[in-house]
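Note that ligands are numbered from 1 as they come in the structure, with each ligand's atoms numbered from 1 the same way.
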Amino acid sequence: MKVLFWLAIFFLVVVPSATGEGIQVSWSPREMEQGDILLVRVQTEVADTVVEGSFDKTPLYFYKEGETSFTGIVGVDMAAEPGPHSLKVMLKGRGVKPREQVFSVPIAVGEFEVQRLTLTKELVDLQGEILKRYLAERKKITEIFKQVRPLKLWEYPFIRPVSGEITSTFGLRRILNGQERSPHNGVDIGAPKGAEVLACNRGMVALAQELCLEGNTIIIDHGFGLYSIYMHLSEIRVKEGDQVARGACIGLVGATGRVTGPHLHWGVKLLGARVDPFALLRLGTPEG
Ligand SMILES: [Zn+2]
């Protein structure tokens with residue numbers, strides 16, 4: 001029953017081949033928009049198959065879910081060009097006729113909110129020492145996100161790191177003093193200072209330090225280029241290199257960095273794409 005439901009939700013494509021054996025490629029969600037996470041399932045008939053692929057120019061990493069079933073995961077950046085994108089699936093391996101299939105996956109514009117703010121110039125523009133520090137921090141973080149650990153550390157489902165109301169949505173377009181700034185690349189969850197922040201899944205701590213704008217920040221590497229980010233913490237309870245379990249307390253909610261009040265900024269990066277953390281929570285569920 002569950003399997004039928006699953007197939008109904010996935011967009012299923014059966015690729016016939018000359019030898020009569022068919023591979024099945026399906027993906028979810030059916031209607032994708034900017035900031036979504038794309039799950040690609042490939043069902044083959046030969047156990048020794050190696051499945052590879054790409055989404056636009058980003059290589060896809062597939063993990064095995066059964067003898068002949070493989071899942072790949074990739075993010076659609078919040079600013080990805082709306083329109084058709086190409087999903088390529090390649091099969092090879094011992095006793096497998098190498099094959100390649102390209103599918104067109106349409107991406108719709110994300111329905112993001114708009115916020116207009118007026119702030120003093122000092123709060124908007126970074127200068128001098130603080131700018132230098134900011135750029136050095138960006139460099140370090142960019143290097144972290146470039147690493148793709150060829151290992152899936154997570155198990156479904158992902159969990160919300162803290163309960164509370166969403167005070168700022170993902171993709172929110174921020175217009176500061178009439179100028180469009182970078183959109184909000186995470187969700188802000190309003191929670192009291194000192195509330196426990198939980199790891200959304202199993203992973204390895206890639207960064208645990210104070211940053212000039214983001215305050216006390218933790219980045220967890222979940223493998224396959226998937227990272228979760230936690231900002232503005234009042235306290236950090238892990239250190240770089242630590243292994244954390246899903247649901248482990250990694251720190252406490254705070255108001256460190258450039259913020260007006262206590263909240264958790266929770267972000268997710270997947271193979272370089274800024275994706276909606278709530279898309280992670282949907283993975284591995286019937287809607288996923
Ligand atoms: Zn935020």
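In summary, H232 places no N/O/S atom under 2.8 Å from the Zn ion (ligand 1), failing the contact criterion.
For the pair H265 (side chain) and H263 (backbone), a donor-acceptor distance under 3.5 Å is absent. Of the possible polar contacts, one joining the T217 side chain to the G215 backbone as a donor-acceptor pair under 3.5 Å is found. The backbone N or O of A79 lies less than 3.5 Å from a partner atom in the side chain of D77, making a donor-acceptor pair.
Among the heteroatoms counted here (N, O or S) of D188, OD1 is the one nearest to the Zn ion (ligand 1). Taking the N/O/S atoms of H265 in turn, the shortest distance to the Zn ion (ligand 1) belongs to ND1.
The only member of I219, I236, D221 that meets side chain to side chain contact (heavy atoms under 4.5 Å, CB included) when paired with L207 is I219.
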